[in-house]
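Note that the structure is a prediction, hence the values are computed from the model and not measured.
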Amino acid sequence: MLAVLGFHDRSRAARFDPPAHGLRRLLDHMLDALQEEVRSPGLTRLFATTAGEATDPAHPAHDYFRRRFELMRENNARAVRASIEAGLVRADVDPEALGRALVAVADGLTAQWLMDPSFDVVQHVRKHLEMLMRGIVTDGGGLTAP
């Protein structure tokens, strides 16, 4: 099971641009990855179920998921920092807090979609990210530059 999840993570990660490309590119990739998850609900359910079970430190996948979430938060924070340094995101934005929140939004809404697939999870995440970006970018845009 861990081998399947690891392979899936590695194949997806290989398509992400480096965090230095900034927050907008990262969010585009997040939405693309989420769209793939919607097309593979069985794999998405396996991930969510295993991640939940792995909250127990004795679970065999505990370290895998702990490290996975850590890497996601770090990469998100790096993308935020790159956008701050480029003047595209306000300097008062906390990269670590936003990095953690981005993981929470995507995973939380995905879990809700798994319980009730009647709503468009990609659109819900997109709308949330759009609202978030409009509050932190310096160019007046949202997910896309004006």
Side-chain angles (χ1 to χ4, degrees), residues 1-84 88-90 92-137 140-146:
M1 180 172 54
L2 281 175
V4 169
L5 293 173
F7 176 79
H8 182 259
D9 280 348
R10 284 188 304 280
S11 67
R12 182 184 297 165
R15 291 177 293 187
F16 273 65
D17 287 331
H21 286 238
L23 187 56
R24 281 190 172 121
R25 286 292 287 169
L26 174 82
L27 298 180
D28 282 344
H29 286 299
M30 283 178 61
L31 290 167
D32 290 344
L34 184 58
Q35 188 66 49
E36 288 180 26
E37 289 179 15
V38 167
R39 289 191 295 265
S40 303
L43 187 58
T44 303
R45 187 168 285 106
L46 172 66
F47 169 83
T49 301
T50 307
E53 292 170 351
T55 60
D56 177 354
H59 192 280
H62 178 79
D63 289 338
Y64 170 83
F65 279 99
R66 186 187 51 75
R67 182 67 184 138
R68 182 183 189 279
F69 284 122
E70 182 179 311
L71 285 171
M72 290 170 64
R73 291 189 311 266
E74 289 172 0
N75 283 335
N76 292 352
R78 283 189 201 110
V80 174
R81 269 191 229 92
S83 290
I84 290 171
L88 300 173
V89 168
R90 292 189 345 242
D92 65 332
V93 172
D94 180 338
E96 285 72 26
L98 182 53
R100 188 176 295 272
L102 292 173
V103 174
V105 166
D107 286 356
L109 286 171
T110 298
Q112 292 178 49
W113 168 75
L114 287 169
M115 296 296 293
D116 177 12
S118 68
F119 77 96
D120 186 338
V121 65
V122 177
Q123 279 307 105
H124 275 73
V125 170
R126 183 184 309 280
K127 286 178 185 177
H128 182 80
L129 296 177
E130 181 70 34
M131 182 175 48
L132 170 82
M133 288 294 284
R134 288 194 181 281
I136 66 170
V137 295
L143 284 173
T144 55

- Spacing of Thr44 atom OG1 and Leu34 atom CG [to the nearest 0.5 Å]: 8.0 Å
- Note on the structure: Separation between CG (Leu71) and CG (Asn76), nearest 0.5 Å, reads 10.5 Å
- Tell me, which pairs form a salt bridge (Lys or Arg N to Asp or Glu O under 4.0 Å) where one or both residues lie in residues 119-132, sequence neighbours left out? Glu130-Arg134
- To the nearest 0.5 Å, atom CZ of Arg45 lies from atom CD of Glu37 at 12.0 Å
- Item | Arg78 and Asn75: side chain donor to acceptor below 3.5 Å | yes
- Item | Within residues 103-117 or reaching into it, pairs that qualify as side-chain hydrogen bond (donor to acceptor under 3.5 Å, both in side chains) - sequence neighbours excluded | Asp116-Ser118
- Any side-chain heavy-atom pair from Val137 and Arg24 closer than 4.5 angstrom? yes
- Query: Is the shortest heavy-atom distance from the side chain of Leu23 to the side chain of Leu88 under 4.5 Å?
  - Reply: no
- Going by the angle between their ring planes, with limits at 30° and 60°, are Phe65 and Phe47 parallel, tilted or perpendicular? tilted
- Item | Expected output: side-chain Ser83 to main-chain Val89 donor-acceptor under 3.5 Å | no
Residues 92-106 side chain polar contacts: donor-acceptor under 3.5 Å, at least two apart:
{"unit_1": "Asp92", "atom_1": "OD1", "unit_2": "Arg90", "atom_2": "NE", "d": "2.8"}
{"unit_1": "Asp92", "atom_1": "OD1", "unit_2": "Arg90", "atom_2": "NH2", "d": "3.3"}
{"unit_1": "Asp92", "atom_1": "OD2", "unit_2": "Arg90", "atom_2": "NH2", "d": "3.2"}
{"unit_1": "Asp94", "atom_1": "OD1", "unit_2": "Glu96", "atom_2": "N", "d": "3.0"}
{"unit_1": "Asp94", "atom_1": "OD1", "unit_2": "Ala97", "atom_2": "N", "d": "3.2"}
{"unit_1": "Glu96", "atom_1": "OE2", "unit_2": "Arg81", "atom_2": "NH2", "d": "2.2"}

- What pairs of residues pass the side-chain hydrogen bond (donor to acceptor under 3.5 Å, both in side chains) test when at least one of them lies in residues 47-64, not counting sequence neighbours? Asp9-Tyr64
- Task: Could you list the residues that satisfy salt bridge (Lys or Arg N to Asp or Glu O under 4.0 Å) with Arg39, not counting sequence neighbours?
- Result: none
- Message: Please enumerate all residues that pass side-chain contact (heavy atoms from CB on, under 4.5 Å) together with Ala3, with sequence neighbours excluded.
- Response: none
